[in-house]
Student: 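Structure below; questions to follow.
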Amino acid sequence: MVEQAQAACDTDQMEADVTAVIEACGGDPRTAIKALLIEQLIQEQRIERLAAALSFGYVRGRIGVTPHNTGLSRHATT
């Protein structure tokens, strides 16, 4: 019973969100779909950039540090 109430609440919120997006696009559902698709593309591009940065950081052990700006030389003389 609690699950049904939660599902109904989620559905109500989803309907409110859909209505808000359509209203923000002047009431045109086609324009709303285009806007959402563009936003999805932007978010996918952000995820790709973040994933690339995370992979490099994971391999090097530090995020945001490239071999050129560490200030350390591999051929240090003692």
Side-chain angles (χ1 to χ4, degrees):
M1 182 159 211
V2 173
E3 292 175 9
Q4 290 175 346
Q6 181 66 32
C9 183
D10 291 345
T11 302
D12 292 344
Q13 183 60 47
M14 179 82 64
E15 288 296 324
D17 291 343
V18 169
T19 300
V21 170
I22 292 172
E23 287 176 0
C25 292
D28 183 11
R30 189 170 176 85
T31 302
I33 291 170
K34 286 181 185 179
L36 291 171
L37 289 173
I38 291 169
E39 180 62 26
Q40 180 181 3
L41 178 63
I42 292 168
Q43 294 301 326
E44 287 173 356
Q45 291 171 347
R46 286 180 182 163
I47 290 169
E48 288 173 7
R49 285 193 307 268
L50 289 170
L54 180 62
S55 294
F56 180 78
Y58 179 75
V59 170
R60 298 289 182 201
R62 296 168 68 185
I63 295 175
V65 176
T66 61
H68 301 291
N69 68 1
T70 60
L72 301 174
S73 173
R74 288 185 164 193
H75 304 287
T77 58
T78 55

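Residue numbers count from 1 along this sequence. Because only heavy atoms are used, hydrogens play no part in the values below, and waters and symmetry mates are left out as well, while side chains stay in.
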Student: For the CD1 atom of Ile33 and the CG atom of Asp28, what is their distance to the nearest 0.5 Å?
Tutor: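 Taking CD1 in Ile33 and CG in Asp28, the distance rounds to 9.0 Å.
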Student: So, taking the atom named CD in Glu48 and the one named CD in Gln43, what distance separates them when rounded to the nearest 0.5 Å?
Tutor: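 Here the interatomic distance stands at 12.0 Å.
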Student: Check whether any side-chain heavy atom of Leu37 lies under 4.5 Å from a side-chain heavy atom of Lys34, and answer yes or no.
Tutor: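 With C-beta onward as the side chain, the pair stays apart.
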Student: What's the separation between atom CG in Asp12 and atom CG in Asp17, rounded to the nearest 0.5 Å?
Tutor: 11.0 Å
Student: CG of Leu41 to CG of Leu36: how many Å apart, nearest 0.5 Å?
Tutor: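 Between Leu41 CG and Leu36 CG, I get 12.5 Å after rounding to 0.5 Å.
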Student: Restricting to non-hydrogen atoms, name the atom on Cys25 and the atom on Ala32 that form the minimum distance, rounded to 0.1 Å.
Tutor: SG-CA, 3.5 Å
